[in-house]
Amino acid sequence: YALEITNIQTFPVELTKQSTQLATDTSFAFTISVDGPPDDLQAFVLALAKFDRVVRIESITLSNDEKSSLTVRQIGRAHV
């Protein structure tokens with residue numbers, strides 16, 4: 001892909017009291033911003049949706065600058 005990652009951010013993982021049972025749903029929130037041509041951005045978003053780990057996309061924001069590229073900002077949650 002002809003993409004440029006402009007920002008990646010992860011957020012703190014909430015920890016709970018230790019229990020005798022294993023956590024069944026451990027996850028962390030993230031954002032990623034990527035610039036590039038519309039076709040490459042679409043392929044990137046589709047590839048992320050098919051990622052080996054369970055990834056839930058909570059929102060996608062598209063913005064257009066004065067160049068011929070778009071910016072995609074995704075907010076999601078990765079389950080580990």
Requested in this report: Compare every heavy atom of P37 with every heavy atom of A2, then report the nearest pair and how far apart it is.
Outcome: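 Nearest pair, atom of A2 first, then P37: O-CD, 3.1 Å.
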**Report entry** Where G36 and L41 come nearest, the two heavy atoms and their spacing
**Finding:**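 Result for this residue pair: O-CD1, 3.3 Å.
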Report task. Following the transitive rule for hydrophobic clusters with a side-chain heavy-atom cut-off under 4.5 Å over Ile, Leu, Val, Met, Phe, Trp and Tyr, establish whether F11 and I60 coincide in one cluster. Result ->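 No, no single cluster joins them.
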Report task. Consider only side-chain heavy atoms of I, L, V, M, F, W and Y, link residues closer than 4.5 Å, and tell whether F44 and I8 are in one cluster. Result ->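 Yes, it is one cluster - the side chains of F44 and I8 are joined through contacts under 4.5 Å.
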Query raised in the report: From N7 CG over to D35 CG, what is the distance, rounded to the nearest 0.5 angstrom?
Result: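 Separation between the atoms: 10.5 Å.
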Query raised in the report: For the atom pair CD (E4) and CG (D40), what is the distance rounded to the nearest 0.5 Å?
Result: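 Atom-to-atom, E4:CD and D40:CG are 13.0 Å apart.
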Query raised in the report: Would you find a donor on one side and an acceptor on the other, under 3.5 Å apart, between the side chain of T6 and the backbone of S33?
Result: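 The answer is yes, because a donor-acceptor pair under 3.5 Å joins these two groups.
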